[in-house]
Amino acid sequence: MPSTIIETAMTSEEVRVRFAPSPTGLLHVGNARTALYNWLFARRMGGKFLLRIEDTDVERSETRYEAQLMEDLQWLGLEWDEGPGTGRAGDPLENERGAYGPYRQSERQSTYAGLTQKLLDEDKAYRCFCSPEDLMAEHHLAVQEHRPQVYSGRCRRLSREEVEQRIAAGMPFAVRLKIGDEPLRFHDIVRGPVEFAPEAVSDPILVRSAQNGGPGMPVYNYVVTIDDALMQITHVIRGDDHISNTPKQVAIYRAFGWPVPEFAHLSTILGADRERLSKRHGATSIASFREMGYLPEALVNYLALLGWGAEDGKTETFTLAELVHAFKLERVTPSPAVFDFDKLNWLNRHAIKQTPSSRIADLVWASFGERLPARADASEAVHAWVARLVELIAPSVDKLDELAPKAACVFGFDPDAARALPENHAVLAADSARIVLAELADRVRTNSAKVTPELFKSWMNEMKAVTKVKGKELFHPVRIALTGVHSGPEFDKLLPLIEDGAELGLGIPCVHERVERFVGV
RNA sequence: GGCGCUAUCGUCUAGGGGUUAGGACGUGAGAUUCUCAAUCUUAAAACACGGGUUCGAUUCCCGUUAGCGCUACCA
């Protein structure tokens, strides 16, 4: 049995933390924030961050979620030191690294039975033969009398003979832990000392009664505690929905004589309506944030700020490395935080500006449409040109998925669609617009040179002088003729991009072609 | 109903027995631009309420209120 391991528990000073999700759905921001804080704490303390999969709920657990989960964690940049996915790929036995495995709860079932027997033998736990009906009745009575609804401890007082008789008679039983008279205390790094009265906890179930003669299934609170202890977890960092579970777990640590770890209960993330953030609030999974075009750097930065602040009270933008340096668990706020997309967007905009445009280009490549060859097939010149395009349009965008529509000013030239656009009607209907476009067509017809910003500027100046049209009336129709819409990037950069793009053999029309097709020369 | 956690601008937060209560997002205004953004400048905006303790509380204590969590032989 793992007793040798237990004896050495906590003897080393090394910090060991864990992220223990159940693979019953997509990783959402709340859990991701928990994972992040665990990871940051481990990295800052030079400790270990482990991943444990709590897949004992066979009905709801799915392996595809487990795979997705690991992918999401990796995307965020949160590498784990022990757990599934850390070993040699392809080999299920070598698939996890770490001395405290297995790291999937479903593979640890054999560990628990022996420990339960030990508790029973030491009289720290007892068999409870109460039927669900009995328990239900107790519960209702307690509610009626405004008392805490806890187990009466009836079976705790059974004599050894009575217990033996019932076992012999084949009565199903659950195993309960004996709670003593001592208050159940623990230290919470974000909330300070927390104490529960033992009466409020009562004797919790450790192992469920067996359905059909087989061994009963151990209960969640029991299993996490054992796993955490055997894995020598020193700091349990998790959601605050576990605060009420903690006294039970403390009692279990005590029963086994194991050292109680430090706890840090993180507040809930709320939606704008101040209700717990959920699918109802829209996309909240990490996968969906990635799809929407959020950069992992931005998401990590935002999640760090949601419940924590820098020491100087001012710094808002952090890289992962900077966070490792600055993050202190003691500075985590205990109060719940409302998730704010506006601030996330601002951070994402910032992250986009910090990122080389070639990397952004790679990320959005496929969304730019058929004119572009597959990323792998594209020439260096095409890559460089796409990066230039991204550099031009990316700084004004909140999310990556806004890039493709913006890129349409280069890729999506369609005169008929441009004319059909309602917001273009008024601009194109003006007399001045007709005159301006006629002048533009004139110049295109009589000058076949590649259109440089200088040439274009001289054209515009001439046209302004000739037509006496200026400002919006002058520029808007030209812009529509060239790009289909009346707003977009500055011409000085846009024009070279179009002209160079036209030479790439991607079927991107040059300025001349655009004007000719739009005005109909 | 019981037990627990929480409470500073709209939002995320800093602060802390005496402060002009600081920063950021968002919002308003201005600048800039052919345009929309972006960008820069600037403004408005907060200590939930009631009792204590104290010379003095937003800060410490106790209540109230509100929000949230747990209240299972779920995880």
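In this text the structure is predicted, and so the values were computed from the model without any measurement. As a basis for the values below, the full set of heavy atoms in this structure was taken, side chains included, without hydrogen atoms, waters or symmetry mates. The sequence lines fix the lettering, A, B, ..., with proteins before strands; numbering per chain opens at 1.
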OP1 or OP2 of U13(B) sitting under 4.0 Å from any side-chain N/O of T333(A)? yes
Between K472(A) and U33(B), is there a side-chain N or O to OP1/OP2 distance below 4.0 Å? no
Toward the 5' end of RNA chain B, by each residue's nearest nucleotide, Y220(A) or G307(A): G307(A)
Looking only at side-chain atoms of D340(A), point me to the closest of C25(B), C34(B), U35(B). C25(B)
Short question: side chain of S22(A), backbone of T24(A) - any donor-acceptor pair under 3.5 Å? no
Quick one: does D312(A)'s side chain have a donor or acceptor within less than 3.5 Å of a partner on T315(A)'s backbone? yes
Stacked pair W346(A)-C25(B), distance under 5.5 Å, angle under 30°: no
For atom CG of L482(A) and atom P of C34(B), their distance in whole Å: 16 Å
Contact class for C130(A) (heavy atom, under 4.0 Å): base, sugar-phosphate, or nothing? base
Expressed in angstrom and rounded to an integer, what is the separation of I480(A) atom CD1 from C36(B) atom P? 13 Å
For L135(A), report the nucleic acid contact type (base, sugar-phosphate, nothing); a contact means any heavy atom under 4.0 Å. base
Say we look at U27(B) and A21(B): how far apart would their P atoms be, to the nearest angstrom? 27 Å
Taking atom C1' of U71(B) as reference, at what distance in whole Å does atom CE of M136(A) sit? 13 Å
Taking for each residue the nucleotide of RNA chain B bearing the nearest heavy atom, is the 5' side occupied by A200(A) or by N221(A)? A200(A)
Output yes when at least one side-chain N/O atom of R479(A) is less than 4.0 Å from OP1 or OP2 of U33(B), else no. no
Round to the nearest Å and state the distance from L303(A) atom CG to U13(B) atom C1'. 15 Å
Look at all strands and tell whether H146(A) reaches a base, only sugar-phosphate, or nothing, counting heavy atoms closer than 4.0 Å. sugar-phosphate
Between P on A38(B) and CG on N348(A), what's the gap in Å once rounded to a whole number? 14 Å
What is the base-pairing partner of A24(B), counting Watson-Crick and G-U wobble geometry with both distances under 3.5 Å? U11(B)
Checking contacts here: which listed nucleotide (A38(B), U6(B), G26(B)) is nearest the side-chain heavy atoms of S335(A)? U6(B)
Please tell me which of the listed nucleotides, U35(B), A75(B), A38(B), lies nearest to the side chain of R349(A)? A38(B)
Does R276(A) contact C68(B) through a side-chain donor or acceptor facing the base, at a distance under 3.5 Å? no
Is the ring centre of F339(A) less than 6.0 Å from the ring centre of F341(A)? yes
Round to the nearest Å and state the distance from F196(A) atom CZ to G69(B) atom C1'. 10 Å
Check every strand shown and say whether F491(A) touches a base, only sugar-phosphate, or nothing at a heavy-atom separation below 4.0 Å. base
Using the side-chain heavy atoms of R331(A), tell me which of these nucleotides is nearest: A7(B), G15(B), C25(B). G15(B)
Is T56(A) touching bases, backbone alone, or none of the nucleic acid, heavy atoms closer than 4.0 Å? sugar-phosphate
Name the closest nucleotide to the A174(A) side chain, picking from C34(B), C25(B), C73(B). C73(B)
Would you classify E473(A) as touching base, sugar-phosphate or nothing, given that sugar-phosphate means primed atoms plus P, OP1 and OP2, and contacts are heavy atoms under 4.0 Å? nothing
How many whole angstroms separate atom CZ of F186(A) from atom C1' of C70(B)? 12 Å
Inter-nucleotide P distance (G10(B), U6(B)), Å rounded: 23 Å
Indicate whether any N or O donor in one side chain lies under 3.5 Å from an N or O acceptor in the other, for S106(A) and D55(A). yes
Base paired to C60(B) (Watson-Crick or G-U; both N/O distances under 3.5 angstrom): G52(B)
Is the distance between the ring centroids of H235(A) and F41(A) less than 6.0 Å? yes
Using both distances under 3.5 Å as the test, list the Watson-Crick or G-U wobble partner of U35(B), or none. none
What about E316(A), does its side chain sit under 3.5 Å from the base of G23(B) through a donor-acceptor pair? yes
Check the phosphate of A72(B) against H139(A), side-chain N and O only, distance under 4.0 Å to OP1 or OP2. Yes or no? yes
Is there a Watson-Crick or G-U wobble partner for A29(B) with both distances under 3.5 Å, and if so, which one is it? U41(B)
Classify the nucleic acid contact of K343(A) as base, sugar-phosphate or nothing, counting any heavy atom under 4.0 Å across all strands shown. base
Under 4.0 angstrom, heavy atoms only, what part of the nucleic acid is L306(A) near: base, sugar-phosphate, or nothing? sugar-phosphate
Whether the side chain of T268(A) and the base of C68(B) hold a donor-acceptor pair under 3.5 Å is what I'd like checked. no
Just the rounded figure in Å: distance from P of C68(B) to NE2 of H265(A). 20 Å
Determine, using ring centers only, whether Y294(A) and Y302(A) are less than 6.0 Å apart. no
Could you tell me whether the side chains of D241(A) and H265(A) share a donor-acceptor contact shorter than 3.5 Å? no
In sequence, state the C-alpha distance, the side-chain angles, and the governing distance for E138(A) and S152(A), and then conclude on side-chain hydrogen bond (donor to acceptor under 3.5 Å, both in side chains). CA-CA 8 Å; E138(A) 265 190 18; S152(A) 65; 2.5 Å; yes
Could you please name the option among C34(B), A75(B), G15(B) that lies closest to any side-chain atom of H476(A)? C34(B)
Would you indicate which nucleotide in A75(B), U11(B), U6(B) comes nearest to any side-chain atom of S22(A)? A75(B)
Are any of R274(A)'s side-chain N or O atoms less than 4.0 Å away from OP1 or OP2 of G10(B)? no
As a test of understanding, state which of R156(A), R176(A), R157(A) forms a salt bridge (Lys or Arg N to Asp or Glu O under 4.0 Å) with D203(A). R156(A)
When we call it a touch if two heavy atoms are under 4.0 Å apart, what does N345(A) touch: a base, just sugar-phosphate, or nothing? nothing
